[in-house]
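A quick write-up on the structure given underneath.
Chain naming here is simple, since letters A, B, ... match the order of the sequence lines and numbering starts at 1 in each. What you are looking at is a predicted structure, and each value in this text was computed from that prediction instead of being measured.
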Number of protein chains: 2
Amino acid sequence: MELIQIYQCLCDPTRLRILHLLAQTPLCVCHFQEILDEPQVKISKHLAYLRERGMVVAEREQNWMIYSLPKKRDAELTANLKCLQDCVQADPVFKRDLRMLAKVSAKSDAPAGALVR
Amino acid sequence: MELIQIYQCLCDPTRLRILHLLAQTPLCVCHFQEILDEPQVKISKHLAYLRERGMVVAEREQNWMIYSLPKKRDAELTANLKCLQDCVQADPVFKRDLRMLAKVSAKSDAPAGALVR
DNA sequence: AGAGCATATACCCGCACAGGAATACGTCAA
DNA sequence: TTGACGTATTCCTGTGCGGGTATATGCTCT
């Protein structure tokens with residue numbers, strides 16, 4: 001019953017914010033640090049948690065690790081990510097994250113693989 | 001951020017099965033015991049967990065406690081319950097639960113408030 | 001080789017929760 | 001009132017996770 005794993009990934013606020021951002025674009029760890037305003041350890045550990053459960057994939061690009069949603073997603077993951085997007089529309093925290101993403105994206109001192117639009 | 005609470009409720013297999021069943025019909029604790037084949041304590045504690053977080057409501061009918069989904073559900077809960085239903089269609093455990101529900105329902109030694117169709 | 005950057009891991013603590021055993025509570029019937 | 005039944009709660013144990021500090025790893029440039 002791997003649906004459980006999906007819900008386990010979704011039941012932490014930081015991970016929710018991470019997944020919400022990844023639904024927009026691939027990002028590297030330092031982007032998350034800046035957008036979420038959380039310490040590096042915290043981000044990194046939540047990403048490891050998500051990676052171990054196949055919710056995100058990571059790819060190294062020089063110094064940076066680019067995280068993204070897996071290209072091949074099974075139905076459960078797809079459905080739940082969509083549901084998350086729907087639920088989150090009005091929430092100030094998530095809206096703020098999107099604004100911060102735009103700001104970071106504008107600076108564009110990013111590795112080539114991240115922040116693709 | 002109460003979305004989190006929803007996901008926290010969904011991240012246990014027993015609770016998933018309970019909610020899936022309640023999406024069909026109100027049920028009392030002894031029904032869950034029989035359908036899920038789990039001890040009374042376990043069922044009761046998971047129901048308490050769900051109740052504290054507003055995912056289910058309980059109503060006493062003589063000796064029995066009838067559990068059901070709240071009539072008034074906010075958008076997040078509705079969306080996620082629907083998503084759960086979709087994700088669960090093919091899963092053998094959940095399909096088996098539905099068959100057991102039908103069986104229990106057929107016996108119909110149930111309190112009037114539960115097993116309404 | 002060394003420094004500097006980006007990221008990951010190890011170790012620690014505290015807490016919440018899953019699960020079981022035993023017991024308490026609420027309701028009804030005799 | 002007593003007993004039976006359905007359900008809830010208390011107490012206990014083990015485990016997993018969130019968070020922080022410190023340190024390790026990997027890559028790049030000099």
Side-chain angles (χ1 to χ4, degrees), chain A residues 1 4-19 21-22 26-53 55-68 104 107 109-115, chain B residues 1 4-19 21-22 26-53 55-68 104 107 109-115:
Chain A
M1 207 181 318
I4 292 297
Q5 291 219 348
I6 294 180
Y7 288 127
Q8 286 170 345
C9 288
L10 294 174
C11 72
D12 174 90
T14 306
R15 288 199 290 267
L16 268 194
R17 296 171 72 191
I18 288 176
L19 289 168
L21 287 170
L22 286 182
L27 288 168
C28 68
V29 180
C30 54
H31 293 143
F32 289 117
Q33 283 181 242
E34 191 169 350
I35 297 173
L36 305 183
D37 191 28
E38 298 278 5
Q40 184 261 325
V41 186
K42 186 167 169 178
I43 303 286
S44 190
K45 285 206 285 192
H46 279 301
L47 284 169
Y49 185 105
L50 292 170
R51 193 159 23 90
E52 286 158 13
R53 286 154 184 82
M55 296 280 291
V56 305
V57 294
E59 187 187 2
R60 184 174 276 286
E61 180 170 332
Q62 296 131 352
N63 259 337
W64 299 274
M65 290 293 289
I66 316 283
Y67 282 86
S68 53
V104 167
K107 292 200 317 188
D109 54 347
L115 287 174
Chain B
M1 212 183 314
I4 292 297
Q5 290 219 349
I6 295 180
Y7 288 127
Q8 285 169 347
C9 289
L10 295 174
C11 73
D12 174 272
T14 306
R15 288 199 291 267
L16 267 195
R17 295 171 71 192
I18 289 176
L19 290 168
L21 287 170
L22 286 182
L27 289 168
C28 69
V29 180
C30 53
H31 292 143
F32 289 118
Q33 284 181 243
E34 193 171 347
I35 297 173
L36 305 183
D37 190 29
E38 297 279 7
Q40 185 261 326
V41 188
K42 187 167 169 177
I43 303 286
S44 190
K45 284 206 286 192
H46 280 300
L47 284 169
Y49 185 105
L50 292 171
R51 193 159 22 89
E52 287 160 11
R53 285 155 183 80
M55 296 282 289
V56 305
V57 294
E59 186 186 2
R60 183 175 276 285
E61 179 170 332
Q62 297 130 352
N63 258 337
W64 298 273
M65 291 293 288
I66 316 283
Y67 283 85
S68 53
V104 167
K107 292 199 316 188
D109 55 346
L115 286 174

Nearest-0.5 Å distance, SG of residue C9(B) to CD of residue E52(B)
9.5 Å
What distance separates I43(B) CD1 from K45(B) NZ, expressed to the nearest 0.5 Å?
12.0 Å
How far does SG of C30(A) sit from CG of N63(A), to the nearest 0.5 angstrom?
9.5 Å
Taking atom NE2 of H31(A) and atom CD1 of I66(A), what is their separation to the nearest 0.5 Å?
7.5 Å
With R51(B), which residues qualify under side-chain contact (heavy atoms from CB on, under 4.5 Å), at least two apart?
A48(B), V56(B), A58(B), Y67(B)
In the structure I gave you, are the side-chain heavy atoms of I18(A) and F32(A) within less than 4.5 Å of one another anywhere?
yes
Sequence neighbours excluded, the answer for side-chain hydrogen bond (donor to acceptor under 3.5 Å, both in side chains) partners of E38(A) is K42(A)
Quick one: does I4(A)'s side chain get under 4.5 Å of D12(B)'s, heavy atoms only?
no
For the CD atom of Q8(B) and the CG atom of L50(B), what is their distance to the nearest 0.5 Å?
11.5 Å
What are the 5'-most and 3'-most nucleotides of DNA chain C lying under 4.0 Å from any heavy atom of chain B?
dC17(C) to dC28(C)
E34(B): side-chain hydrogen bond (donor to acceptor under 3.5 Å, both in side chains) partners, not counting sequence neighbours
K107(B)
Give the B/S/- string for nucleotides 13-22 of chain D, one per nucleotide from 5' to 3', where a protein heavy atom under 4.0 Å of the base yields B, of only the sugar-phosphate yields S, and otherwise -.
----SSBBBB
Between the protein and nucleotides 4-6 of chain D, list the N/O to N/O atom pairs that are separated by less than 3.5 angstrom.
none

Answer with base, sugar-phosphate or nothing: what part of the nucleic acid does F32(A) contact at a heavy-atom distance below 4.0 Å?
nothing
